[in-house]
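If you read the sequence from its start, that first residue is 1, and numbering goes on from there. The figures that follow rest on heavy atoms only: side chains count, while hydrogens, waters and symmetry mates do not.
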Amino acid sequence: MSVTVSVVVPLYNEREVIRESYRRLKEVMDGTGESYEIIFVDDGSRDETWPIAHELAEGDPRLRLLGFSRNFGHQTAITAGMDAAGGDAVVVIDADLQDPPEVIPQMIQKWREGYQVVYGLRTKREGETFFKKATAKIFYRTLNALTEVDLPVDAGDFRLIDRAVCDTLKSMPERSRYVRGLVSWVGFKQTAVEYVRAERFAGTTKYPLRKMLRLAGDALTSFSYKPLKLSILIGALVSAGGFAYAVVIICQRLFTDILVSGWATLACLTLFFNGLILIMMGIIGQYIGRIYDETKARPLYIVARRVNFDEKADRNDNR
Ligand code: UDP
Ligand code: MG
């Protein structure tokens, strides 16, 4: 069955929102008059997300389900949804209704006008903590300053992509996936639609600090070498400083009676520079770890169960 629009929804422990999310999505998609499918990707939820999704899918063949064997992460869930999507356009949207489904018709409209990527731009964020807003703000701006790719600031993964873009993404096998960055990287004709990011419908965020840091690390290492270059810069500065200081000491020894100061200075210097070296090694380690992940070439995700997928769609997922 070929469809025009596929809507991909990643879910992790979303039992409080899943029914409402499905209802709103269905309502909006029915209103567009397009043929569509909704793909729920259950990212190894530990609550009743799967049974509820299963119940919903039994009453609606256009609702398709993928269930991971464990929690693989938001970005991987999106990737799996895109891999399985059969539509001419693919929309990615969060399950918690923070991205209003009502924006999708506008996205489809832009797509019909010939744009191949339509991303949602958050003009305002409601009901998120100051910490989340501040870290997001700093993160997107730092990332932009550090990368050569032009990554739109304040855009999440809520977006519509054309089949051509989706196929390009599918051909990119990299493991540390920062999907919104990859979408910017591939280019094509892109535009934005603005929206207000609403409050979570129910439940709590599934993005603890640990996962946010992981996402930031993936984004940085996938799109920038500048952290590595940083060590060259700092190394050069420190050497220059050390050299200048040596000249000062030699002059003091030769031309004055000042005694060259002792071990406290040395201890401080040693601690400072050893710390610096360890930090730099850590940065290099981050890149090496990711290279290691790539070379192991394990599958990106493991689909343990699927519902309402036919054989043809089956071939596409789980690479
Ligand atoms: N999510 C997921 N796997 C995870 C964490 C989150 O699939 O490991 C999904 C989650 O169910 C939601 C979306 O990713 O649909 C965004 O997560 P959340 O709303 O918790 O993040 P926030 O909006 O707080 O950044
Ligand atoms: Mg959310």
Side-chain angles (χ1 to χ4, degrees), residues 6-26 37-85 91-99 101 127-129 131-132 135-136 156-158 175-180 197-219 289 293 296 298-309 313-314 316-319:
S6 301
V7 183
V8 170
V9 190
L11 297 138
Y12 180 54
N13 294 345
E14 299 286 11
R15 66 160 182 223
E16 297 99 339
V17 303
I18 179 168
R19 283 180 198 279
E20 178 65 10
S21 189
Y22 168 71
R23 194 191 62 76
R24 286 257 302 268
L25 269 176
K26 188 170 152 51
E37 64 178 352
I38 298 175
I39 302 177
F40 276 180
V41 185
D42 174 24
D43 187 9
S45 299
R46 290 163 187 279
D47 65 0
E48 293 83 51
T49 300
W50 180 265
I52 299 173
H54 198 270
E55 185 194 314
L56 294 171
E58 272 174 353
D60 182 358
R62 281 175 302 187
L63 175 61
R64 303 183 163 164
L65 311 181
L66 291 178
F68 282 176
S69 58
R70 64 168 168 85
N71 181 235
F72 278 91
H74 176 211
Q75 300 292 306
T76 313
I78 292 176
T79 305
M82 285 181 179
D83 287 348
V91 176
V92 176
I93 186 168
D94 281 357
D96 57 3
L97 296 170
Q98 281 195 286
D99 309 328
E128 285 185 321
T129 58
F131 178 72
K132 179 101 181 182
T135 47
D157 285 310
F158 182 31
R175 252 116 270 277
S176 40
R177 293 187 89 82
Y178 180 63
V179 176
R180 58 199 92 158
R197 190 155 163 90
E199 209 170 323
R200 205 173 217 289
F201 173 71
T204 52
T205 178
K206 305 301 175 305
Y207 255 96
L209 188 61
R210 177 175 54 82
K211 281 186 179 169
M212 283 208 275
L213 286 176
R214 172 85 206 177
L215 183 71
D218 279 346
D293 278 347
K296 277 188 291 193
R298 289 189 186 150
L300 214 54
Y301 52 84
I302 299 164
V303 176
R305 43 199 175 178
R306 29 171 100 68
V307 176
N308 287 347
F309 275 101
D314 274 6
N316 291 330
D317 51 46
N318 201 1
R319 48 188 173 187

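In R305, the CZ atom is crowded: over 12 heavy atoms of neighbouring residues, nucleotides or ligands sit closer than 6.0 Å.
Here the side chain of K211 pairs no donor or acceptor atom with the backbone of L209 at under 3.5 angstrom. At least one donor-acceptor pair under 3.5 Å links the side chain of T49 to the backbone N or O of E14. Side-chain atoms of N71 do not come within 3.5 Å of backbone N or O of G44 as any donor-acceptor pair. Of the possible donor and acceptor atoms, one in the side chain of D47 sits under 3.5 Å from a partner among the backbone N and O of R15. S176 places no side-chain N or O within 3.5 Å of a backbone atom of D218 that could act as its donor or acceptor partner. Although no hydrogens or angles enter the test, the distance criterion places no donor-acceptor pair under 3.5 Å between the side chain of D99 and the main chain of I93. Of the possible donor and acceptor atoms, none in the side chain of Q98 sits under 3.5 Å from a partner among the backbone N and O of E199.
With a 4.5 Å cut-off on side-chain heavy atoms, M82 and V179 count as touching. When side chains are defined from C-beta on, V9 counts as touching I38, because their heavy atoms get closer than 4.5 Å. I39 has its side chain within reach of F309: a pair of non-hydrogen atoms, C-beta onward, lies under 4.5 Å apart. Residues M212 and T205 form no side-chain contact, since every pair of their non-hydrogen atoms from C-beta on lies 4.5 Å or further apart. Counting heavy atoms from C-beta on, the side chains of R197 and F158 never come closer than 4.5 Å. Counting only heavy atoms from C-beta outward, the side chains of D157 and Q75 approach each other to under 4.5 Å.
In this structure, R70 forms a cation-pi arrangement with F72, its terminal cationic atom sitting closer than 6.0 Å to the ring centre and no more than 45° off the ring axis.
Between E37 and the options R62, R64, K26, a salt bridge (charged side-chain N to carboxylate O under 4.0 Å, His left out) holds for only R64.
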